[in-house]
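Here, residue 1 is the first one in the sequence, and each next residue gets the next number.
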Amino acid sequence: MANNQDLIKYHDEYIMGTYGRYPVVLVEGKGSVLKDADGKSYIDFTSGIGVNSLGAANNGWVSAVSKQLDRIQHISNYYYSDVSAKLAEKLTKLAKMSRVFFSNSGAEANEGAIKLARKYSFDKYGKGRGAIITLKDSFHGRTMTTLAATGQDVFHNYFFPFPEGFRFVEKNNIEEFISETSNNSDICAVIIEPIQGESGVNFIDKDYIKQVKNICLDKDILLIFDEVQTGIARTGKVFAHEYFDVEPDIITAAKGLGGGLPIGAFMCGEKLKNTLSAGMHGSTYGGNPAACAGALEVLETVSKIDFLDEVIKKGEYIVCKIKGFTGIGDKIIEIRQKGLMVGLQIKLNGGEAPKDYALKCLNNGLLVLTAGSDVIRFLPPLNITYEEIDKGLGILEKILCK
């Protein structure tokens, strides 16, 4: 049987080198424990970057997808699907939205949200009102438009010309937002991640969001929440924007929604439900029955109050355990946590990077993520056990002590 080294060589012979991969081939797993091709086990604090919300090979999820595969694996969107309708009902009711469009990824969901916002503005105000405000340090995807919408200069290179129409403001700076919306009449929407995951697990203030919402209402600017990473119970609410107590016009979701199969979604409120008509948007694989069956099982599980309460408790448990680490000195600068979305800002010595610590964790049997320039990030399966949390944090503590 091929080992890690052989499979990596085989992989690199045919697949583009667009990822800075770690030297491990993951081949199987159960729950929050994964195995590589050499037979080594790892505690998973990544869930495939927040995708495997119920962990690897969850019994209920596997059963739901398998049953659908026994019926039909794919149909054209020229026809109706019972399972996509069931998912749509469940998702829109949980989100308090009116309609949903299913895509294949978070980037596609955000692209669709941008199209929806601009179409609404065009219908009501005509041409010339399609600009969208986005926050600095944001991340909205890897397509040309979502790269253009991403508020990080590092992504605005190589692929010129980028689509136009995006304005960037500092997060939590309401004066700058007021200035931008007061001095420009061409703005149709603002898109905000409730927590900026990729740039460092950065939090957005509740008061800031409430003021943004009031301005949006006054100027008929649409409020879009990008919940690709924060949604689907990741923070202990089905959607993280619930902590803000505001109603958005559009919500996007992906990652944890499918439990491991590719699916994304953008949802809208009542006033936008008829904005996109036949032929104005589409996706060959969007609403795929197998992906929808998996997503429906995910939502049925994670939307239960007891499950959400456990996500909150596990997140608090992780913080408490980290605060109890001994022998690490001032290595941890700040812990940023909401539910099971956790960022550890760490003190780096000259030349160090978060990826160095991720690699040390990997070598010792723990999978973690990084974010920004100095953050170790955890997005474990939402049903990870306390025993697995303890084991993973034990590995991390030993590494931080060195």
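Contact between Pro194 and Ile204 at its shortest, heavy atoms only, is O-CG1, 3.5 Å. Between Gln229 and Met341, the closest heavy-atom pair is OE1-CE, 3.4 Å. The two residues Ser185 and Arg129 make their nearest non-hydrogen contact at O-CG, 3.8 Å. Summarising the geometry of Ala290 relative to Leu69, their closest heavy-atom pair is CB-CD2, 3.8 Å, with the distance given to 0.1 Å. For the pair Asn77 and Thr284, the tightest heavy-atom approach, listed with the atom from each and the gap, is ND2-O, 4.0 Å. For Met280 against Thr275, the heavy-atom pair with the smallest separation is SD-O, 4.1 Å.
Looking at Gln68, its side chain does come within 3.5 Å of a backbone N or O of Ile72 through a donor-acceptor pair. Using modelled atom types, one side-chain atom of Thr301 and one backbone atom of Glu297 make a donor-acceptor pair closer than 3.5 Å. Using modelled atom types, one side-chain atom of Asn3 and one backbone atom of Gln5 make a donor-acceptor pair closer than 3.5 Å. Lys304 places a side-chain N or O within 3.5 Å of a backbone atom of Glu300 that can act as its donor or acceptor partner. Put simply, the side chain of Trp61 never gets that close to the backbone of Gly55: no donor and acceptor are under 3.5 Å apart. No donor-acceptor pair closer than 3.5 Å links the side chain of Asp205 to the backbone N or O of Asn172. A donor-acceptor pair under 3.5 Å links the side-chain atoms of Asp249 to the main chain of Leu223, judged by distance alone. Without hydrogens or angle criteria, Thr150 side chain to His140 main chain gives a donor-acceptor distance under 3.5 Å. No donor-acceptor distance shorter than 3.5 angstrom exists from the side chain of Asp374 to the backbone of Lys347, with no hydrogens or angles considered. Side-chain atoms of Arg336 never come within 3.5 Å of backbone atoms of Phe203 as a donor-acceptor pair (strictly under, hydrogens ignored).
For the pair Cys361/Leu396, a side-chain contact is recorded, criterion being any heavy-atom separation below 4.5 Å from C-beta on. Using a 4.5 Å heavy-atom threshold, the side chains of Lys35 and Tyr42 count as separate. Within the 4.5 Å cutoff, the side chain of Phe139 has no heavy atoms near those of the Asp226 side chain. For the pair Tyr357/Thr370, no side-chain contact is recorded, criterion being any heavy-atom separation below 4.5 Å from C-beta on. For the pair Pro23 and Leu359, the minimum side-chain heavy-atom distance is below 4.5 Å. Proximity of Leu366 to Ile399: side-chain heavy atoms (C-beta onward) are nowhere separated by under 4.5 Å. At least one side-chain heavy atom of Ile263 sits under 4.5 Å from a side-chain heavy atom of Cys292.
Between His156 and Phe168, the ring centre distance stays below 6.0 Å.
Note that CG of Leu344 is 5.0 Å distant from CD1 of Ile332, once rounded to the nearest 0.5 Å. The OG1 atom of Thr235 sits 7.5 Å away from atom CD1 of Ile312, with the distance rounded to the nearest 0.5 Å. To the nearest 0.5 Å, atoms OG1 (Thr143) and CZ (Phe159) are separated by 11.5 Å. Distance check, rounded to the nearest 0.5 Å: CG of Leu34 to CG of Asp44 gives 4.5 Å. Atom CG in Leu257 sits 6.0 Å away from atom CG in Leu87 (nearest 0.5 Å). Between the CG atom of Leu116 and the CE atom of Met267 there is a distance of 12.0 Å, given to the nearest 0.5 Å.
Figure legend: Lys355 and Tyr22 shown as a cation-pi pair, the cationic atom lying under 6.0 angstrom from the six-membered ring centre and within 45 degrees of its axis. Seen from the ring of Tyr243, Arg234 does not count as a face-on cation partner, given the 6.0 Å and 45° thresholds.
Side-chain contact check for Thr230 and Glu227: at least one donor-acceptor pair (N or O, by modelled atom type) lies under 3.5 Å. Under 3.5 Å, the side chains of Asn104 and Ser283 contain a donor-acceptor pair of N or O atoms. Side-chain contact check for Glu310 and Tyr317: no donor-acceptor pair (N or O, by modelled atom type) lies under 3.5 Å. With 3.5 Å as the limit, one finds a donor-acceptor pair spanning the side chains of Asp220 and Tyr125.
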> Asn58 and Asn383: side-chain contact (heavy atoms from CB on, under 4.5 Å), yes or no, with the steps?
Replying inline: CA-CA 10 Å; Asn58 175 266; Asn383 55 356; 3.8 Å; yes

>> Show, in sequence, the C-alpha distance, side-chain angles and deciding distance for Val212 and Val246, and conclude whether the side-chain contact (heavy atoms from CB on, under 4.5 Å) test is met.
In response: CA-CA 10 Å; Val212 166; Val246 301; over 6 Å; no

> Should Val190 and Val169 be marked as a side-chain contact (heavy atoms from CB on, under 4.5 Å) after you check the CA-CA gap, both sets of side-chain angles, and the distance that decides it?
Replying inline: CA-CA 10 Å; Val190 54; Val169 299; over 6 Å; no

>> Run Ile384 and Phe378 through side-chain contact (heavy atoms from CB on, under 4.5 Å) and show every step you take.
In response: CA-CA 12 Å; Ile384 189 171; Phe378 307 155; over 6 Å; no

> Given Tyr158 and Phe160, is the ring pair (Phe, Tyr, Trp, His ring centres under 6.0 Å) satisfied, shown in steps?
Replying inline: CA-CA 6 Å; Tyr158 308 120; Phe160 306 105; 7.9 Å; no

> Hey, mind stepping through Lys30 and Asn59 against side chain to side chain donor-acceptor pair (under 3.5 Å) and telling me if it holds?
Replying inline: CA-CA 9 Å; Lys30 192 69 178 177; Asn59 291 341; 2.6 Å; yes

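For Lys331 and Glu352, the salt-bridge test passes: some basic side-chain N is under 4.0 Å from an acidic carboxylate O. Remark: Asp186 engages Arg167 in a salt bridge, criterion side-chain N to carboxylate O under 4.0 Å. Ionic pairing of Lys119 and Asp123 is present here: one or more N-O contacts between side-chain nitrogen and carboxylate oxygen are shorter than 4.0 angstrom. Residues Lys96 and Glu247 are not paired through a salt bridge, judged by the lack of any N-O separation under 4.0 Å between the basic side chain and the carboxylate. We find that Lys136 and Glu170 are joined by a salt bridge, their nearest charged nitrogen and carboxylate oxygen being less than 4.0 Å apart. In this structure, Glu270 pairs ionically with Lys273, as a charged nitrogen and a carboxylate oxygen lie closer than 4.0 Å.
Aromatic ring pairs are classed by plane angle as parallel below 30°, tilted from 30° to 60° and perpendicular above 60°; the pair Phe177 and Tyr208 is perpendicular.
Judged as a ring-ring contact (aromatic ring centres under 6.0 Å, His included), the pairs with a partner in residues 84-119 (not counting sequence neighbours) are, in order, Phe101-Phe266, Phe101-His281.
For CZ of Phe162, the number of neighbouring non-hydrogen atoms (other residues, nucleotides, ligands) closer than 6.0 Å is greater than 12. Shown here is Tyr386, whose OH atom has more than 12 heavy atoms of other residues, nucleotides or ligands within 6.0 Å. A 6.0 Å sphere centred on NZ of Lys90 holds more than 12 heavy atoms belonging to other residues, nucleotides or ligands. Heavy-atom contacts from other residues, nucleotides or ligands closer than 6.0 Å to NZ of Lys67 number 12 or fewer. Heavy atoms from other residues, nucleotides or ligands lying under 6.0 Å from NZ of Lys93 number 12 at most. The environment of CZ in Arg21 is crowded: more than 12 heavy-atom neighbours from other residues, nucleotides or ligands sit within 6.0 Å.
In this structure Glu242 satisfies the side chain to side chain contact (heavy atoms under 4.5 Å, CB included) test together with Lys237, Val238, Phe239, sequence neighbours excluded.
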